[in-house]
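Working notes for the structure below.
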Amino acid sequence: MFVFALTRIVHELVLDYTRDHVAERLSTSLAENGETLLLFLAVWWIWTQTAWVTSKFDPFQPAIQVGRTLFFALILRGHTLRRVNMLAFVWFGVSALPWLSGAFAPEVTRNSLWTLALAIDYLGARFGWPVPGLGRAEVSPWAGAGEHLAERYWQLVIVALGETILTSGSSLLLGPIGAERTLALTVSFVVTVLLWRIYFYRAGQILGEAIAASADPGRIGRLAELAHLLMVAGILAGSAGSELTLIDPTGAARPAWVGAILGGPALFLAGRSLFEYVAFARVSWPRPIGIVLLAAMAPAMVGLPPLAVTGAAVAVLLGVAVSDTIRAHGRPLEQASPPR
């Protein structure tokens with residue numbers, strides 16, 4: 001289901017970027033992407049809440065948002081987490097109104113309603129779902145289930161990377177399979193492999209250990225969530241860039257196209273930098289340098305073939321991956337050392 005949802009989100013991004021009035025200006029494209037961003041954040045929130053629930057309960061029980069919280073509030077008699085679900089149920093019940101109303105409203109009204117719904121969901125969880133007369137929840141899911149939640153988040157990264165391959169392969173079949181489009185597919189696949197390599201290089205393997213070693217697992221867990229949100233968003237933006245490259249690999253890249261092709265990896269590296277801070281309380285220099293290089297080369301890439309722009313992204317990501325390998329060569333595996 002999440003593969004399908006992410007595929008549709010990338011498809012909407014590509015539609016935004018291929019509109020003439022959008023593709024010519026990056027600032028306009030970012031404004032047009034607002035509804036797609038809302039949908040991505042909604043999908044992300046469902047994944048997050050489901051991961052939290054399955055860190056405490058049997059994941060084979062069917063439930064989602066309002067239904068899930070009501071289910072647990074009813075059956076958890078005497079359990080300390082019953083109150084948490086009761087509080088969350090109130091907030092999800094409130095946010096359900098603008099979510100459902102927005103689905104049947106005109107576009108402008110819909111986006112406003114969905115923005116309100118997202119704000120209710122995210123702020124409610126951030127402050128412990130406070131309810132007058134009942135107080136708020138003080139339980140952090142990261143404190144007792146960091147290893148489980150870490151696994152759930154890297155699985156979502158795998159899902160997003162798999163979506164990139166699925167989207168690129170499907171796009172290739174929509175047109176003639178010539179040398180240029182085949183090369184574009186190959187280069188896009190290399191980008192995916194490099195993103196996978198950079199993510200899992202050490203920090204991606206020990207998030208659970210870092211959370212367990214932290215004096216404040218809740219704070220570290222929230223930072224890890226934000227890091228993964230940025231990384232998955234970057235992967236999806238890069239996936240849209242790959243599909244745009246397959247549409248016209250040798251044409252003239254428009255500003256919005258360059259923004260997707262280079263901005264996706266840059267956003268991923270930003271999230272990966274935060275992820276490294278969570279695991280080791282520091283950020284190695286290749287990642288911020290990679291972000292600066294991607295941003296600096298973007299203006300010069302406008303008008304060049306999208307295939308060349310993707311090749312530039314590959315060069316930067318390859319540099320980051322190689323620097324990781326060089327730094328680790330001959331040294332023992334680095335242990336988790338989260339910020340205090």
Side-chain angles (χ1 to χ4, degrees), residues 1-19 23 29 33 35-48 50-51 64 151-200 204 228-249 251 253 256-269 271-272 306-307 309-311 313-314 317-318 321:
M1 183 274 286
F2 281 99
V3 172
F4 173 76
L6 295 182
T7 299
R8 301 313 302 168
I9 288 171
V10 170
H11 178 69
E12 289 299 318
L13 280 176
V14 172
L15 289 179
D16 289 341
Y17 287 133
T18 50
R19 295 189 181 102
S29 70
N33 293 159
E35 184 173 291
T36 307
L37 176 61
L38 289 175
L39 294 174
F40 167 65
L41 291 175
V43 171
W44 173 268
W45 191 235
I46 293 173
W47 179 281
T48 295
T50 304
I64 183 171
E151 182 182 354
R152 297 286 84 78
Y153 279 104
W154 68 248
Q155 283 183 345
L156 184 55
V157 172
I158 290 294
V159 168
L161 292 172
E163 183 284 326
T164 299
I165 297 173
L166 176 63
T167 298
S168 298
S170 300
S171 298
L172 180 68
L173 299 178
L174 295 178
I177 304 178
E180 295 170 348
R181 299 186 74 239
T182 301
L183 179 59
L185 176 67
T186 303
V187 174
S188 297
F189 179 73
V190 171
V191 170
T192 303
V193 172
L194 289 171
L195 293 177
W196 168 82
R197 174 67 176 85
I198 293 170
Y199 174 79
F200 279 104
H228 282 81
L229 174 61
L230 294 175
M231 286 187 285
V232 173
I235 292 171
L236 297 183
S239 177
S242 296
E243 188 167 347
L244 293 169
T245 302
L246 281 160
I247 291 174
D248 189 9
W257 292 29
V258 173
I261 296 171
L262 299 183
L267 188 58
F268 173 86
L269 290 176
R272 186 56 178 78
L307 186 55
V309 182
T310 306
V314 167
L317 293 174
L318 182 61

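Note that the structure is predicted; figures quoted are calculated from it, not measured.
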Any heavy-atom pair between the side chains of L185 and T182 that's under 4.5 Å? no

L156 and W44, any side-chain heavy atoms less than 4.5 Å apart: yes

Are the side chains of I198 and F268 in contact, using a 4.5 Å heavy-atom criterion? yes

Minimum heavy-atom separation for S188 to S168, with atom names? CB-OG, 4.1 Å

Minimal heavy-atom distance between A260 and L244, with the atoms involved, is CB-CD1, 4.3 Å

Determine whether a donor-acceptor pair (N or O, by modelled atom type, separation under 3.5 Å) exists between the side chain of T7 and the backbone of V3. yes

Close side-chain approach of L41 to L229, heavy-atom, < 4.5 Å: yes

Can a donor-acceptor pair be found, under 3.5 Å and without considering hydrogens, that links the side chain of R181 to the backbone of T245? no

I need the minimum non-hydrogen distance between M231 and R272, along with the two atoms involved. CG-N, 3.6 Å

Find out whether L161 and Y199 are in side-chain contact, i.e. whether some heavy atom of one side chain is under 4.5 Å from a heavy atom of the other. no

Please check if the side chain of W47 supplies one atom and the backbone of R152 the other of a donor-acceptor pair under 3.5 Å. yes

Interatomic distance, H11 atom NE2 to T36 atom OG1 [nearest 0.5 angstrom]: 10.5 Å

Which heavy atom of V258 sits nearest to which heavy atom of A253, and what is that distance? CG2-CB, 3.8 Å

Any chance you could lay out the side-chain contact (heavy atoms from CB on, under 4.5 Å) test for Y153 and T48, step after step, and finish with the verdict? CA-CA 8 Å; Y153 279 104; T48 295; 3.2 Å; yes

Verdict with supporting geometry, V14 and I247, side-chain contact (heavy atoms from CB on, under 4.5 Å): CA-CA 10 Å; V14 172; I247 291 174; 4.1 Å; yes

Once you measure the plane-to-plane angle for W154 and F200, does it fall in the parallel (<30°), tilted (30-60°) or perpendicular (>60°) bin? perpendicular

With a 6.0 Å cut-off (strictly less than), is the heavy-atom count around CZ of F189, excluding the residue itself, greater than 12? no

4.5 Å side-chain heavy-atom contact, W257 and V309: no

Show your reasoning for whether side chain to side chain donor-acceptor pair (under 3.5 Å) applies to S239 and E163. CA-CA 8 Å; S239 177; E163 183 284 326; 3.1 Å; yes

Quick one, V232 and V159 - any side-chain contact, counting heavy atoms below 4.5 Å? no

Nearest heavy-atom approach of A237 to L13 is CA-CD1, 4.3 Å

